[in-house]
Amino acid sequence: MSQNAPIPPDLLRWAADHLSGVDQVTDVSWPRGDSRVWRVSAGAEVAFVKISPSTRDYEREIRGYAYAARVLALHETPRLLAADPGLQAIMTSPLPGRVVRDLPLQPEEERHVHELAGRLLRRWHDHSGPASERDREAIRTSMADHATEVAGCLENTTGHLDDGQRALVQCVARELPELADDLPAVYQHGDYSTRNWLWDREHGHGLIDFAMSGNGIAIEEFVWLCAAVWATRPDLKAAYLAGYGRMLSDTEERALRLLVTRLGVSYLSTGITKRDSVLVERGHLVLTRMAHEYQ
């Protein structure tokens, strides 16, 4: 979806039914193919309208908003104002703050934001119900799929890895399925990354986008942060885990490092295939750090 894309006429009519007198529409989609989001306003009233890319995403997001309304405060998450399953459309309230990703923050304030993010996620996780056997089976399948993916990446990257990195990637393929039943399961946000955090100095930390919410293991929420942010900023990891408020078990620490390694070798493999130097560099950075932590 390109930026400045016009809102579809049927979606605009639906939005106008719920926000009378719409006078301005702005495309605020992320610069990726399946993001379709518009800011609509009627005078001083503002809402956001989104088309979900699939029925599954739509249903997950509806459930995610219902969960968020139960566990988070008004200033911490948008509220679902309207939804239409035929259009796969949702309308939500605005939230104070700016997206944290790429927001220029001083180190002390950035650590504070990460601490609050950890604290909010702990409250989110603590309201989870017990995992069903169906949830557990889905977790086993996910870990097995990760192991299969890593085995394929290893073939593509083996000439780009040193002995320590190669051994660690092999551990991912071997161990992840074995750890699946020993990892705490929660109701996940599913994409707990800085692009979905909002920061406002008056109102604090906010959270958006529930299209990937669902049951899974708690530490999966940390994987992207470990690979993309904390690899060079261990102070932010320390602040975040202080906010989260509990130590990870040895099994969780092991699984987290294996999952981060999986993401790192995926970056590297994709970068090699697409000749993307940024992904190659990111993959090497993650794998080097993970291999160093195992020494």
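It should be emphasised that the depicted structure is a prediction, and the values quoted were computed from it without experimental measurement. Values below: every heavy atom of this structure, side chains too, minus hydrogens, waters and symmetry copies.
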Which value, rounded to the nearest 0.5 Å, describes the distance between [X] atom [atom1] and [Y] atom [atom2]?
X    : Y    : atom1 : atom2 : value
S142 : I217 : OG    : CD1   : 7.0 Å
S277 : I272 : OG    : CD1   : 12.0 Å
E76  : L120 : CD    : CG    : 5.0 Å
L179 : L256 : CG    : CG    : 11.5 Å
K50  : S29  : NZ    : OG    : 10.0 Å
L74  : H203 : CG    : NE2   : 10.5 Å

Do [X] and [Y] land in one hydrophobic cluster if side-chain heavy atoms of ILVMFWY residues count as linked below 4.5 Å?
X    : Y    : value
L259 : M212 : no
V150 : M290 : yes
V260 : L285 : no

Identify whether the distance between the nearest side-chain nitrogen and carboxylate oxygen of [X] and [Y] falls below 4.0 Å.
X    : Y    : result
D209 : R195 : no
D163 : R166 : yes
R111 : E115 : no

Could you check if a side-chain atom of [X] sits within less than 4.5 angstrom of a side-chain atom of [Y], using non-hydrogen atoms only?
X    : Y    : value
H75  : D200 : no
V49  : L19  : no
D10  : L87  : yes
E252 : F222 : no
V186 : N215 : no
L154 : V265 : no
T261 : V286 : no
C171 : L258 : yes

I'd like to check the salt bridge (Lys or Arg N to Asp or Glu O under 4.0 Å) partners of [X]; sequence neighbours left out, ordered by chain and number.
X    : result
E178 : none
D135 : none
E175 : R254
E137 : R140

Residues 90-103 side chain polar contacts: donor-acceptor under 3.5 Å, at least two apart:
from	atom 1	to	atom 2	distance (Å)
S93	OG	R79	N	2.8

CA sep, side-chain torsions, deciding dist, call: D276, T270, side-chain contact (heavy atoms from CB on, under 4.5 Å): CA-CA 8 Å; D276 184 327; T270 302; over 6 Å; no
Sidechain-backbone polar pair: [X] side chain, [Y] backbone, donor-acceptor under 3.5 Å:
X    : Y    : result
E253 : L248 : no
T148 : A144 : yes
D84  : A89  : no
R60  : A211 : yes
D27  : A5   : yes
H146 : P177 : no

Worksheet item: Does a sphere of radius 6.0 Å around CD in E133 hold more than 12 heavy atoms from other residues, nucleotides or ligands, not counting ones at 6.0 Å or beyond?
Response: yes
Does atom CG (D250) have a neighbourhood of more than 12 heavy atoms from anything else shown, all under 6.0 Å? no
[X]: which residues meet the side-chain contact (heavy atoms from CB on, under 4.5 Å) condition with it, sequence neighbours left out?
X    : value
R122 : D126, Y244, R246
A185 : A131, R136, I139
D162 : Q165

Expected list for residues 66-73: side-chain donor-acceptor pairs under 3.5 angstrom, two or more places apart:
from	atom 1	to	atom 2	distance (Å)
Y67	OH	W124	O	2.4
Y67	OH	S128	N	3.2

Under 30°, 30 to 60°, or over 60°: which ring-plane class applies to Y240 and W197, parallel, tilted or perpendicular?
-> parallel
Minimum heavy-atom distance [X]-[Y], with the two atoms named:
X    : Y    : answer
A291 : L168 : N-CD2, 3.6 Å
V46  : S41  : CG2-CB, 4.1 Å
D23  : G43  : OD2-N, 3.0 Å
A227 : L263 : CB-CD2, 3.6 Å
S213 : G64  : OG-CA, 3.5 Å
R262 : E149 : NH1-OE1, 2.8 Å

With sequence neighbours left out, the residues meeting ring pair (Phe, Tyr, Trp, His ring centres under 6.0 Å) with H18 are W14
Sorted by chain and residue number, the ring pair (Phe, Tyr, Trp, His ring centres under 6.0 Å) partners of W199 (sequence neighbours excluded) come out as H112
Contacts satisfying side chain to side chain donor-acceptor pair (under 3.5 Å) that involve residues 217-226 (not counting sequence neighbours) are H125-E221, Q188-E220
Which of Y192, Y65, Y187, Y58 passes ring-ring contact (aromatic ring centres under 6.0 Å, His included) with F210? It is Y65
Problem set entry | Intermediate values then yes/no, side-chain contact (heavy atoms from CB on, under 4.5 Å), H205 and R119 | CA-CA 10 Å; H205 191 280; R119 194 178 302 169; over 6 Å; no
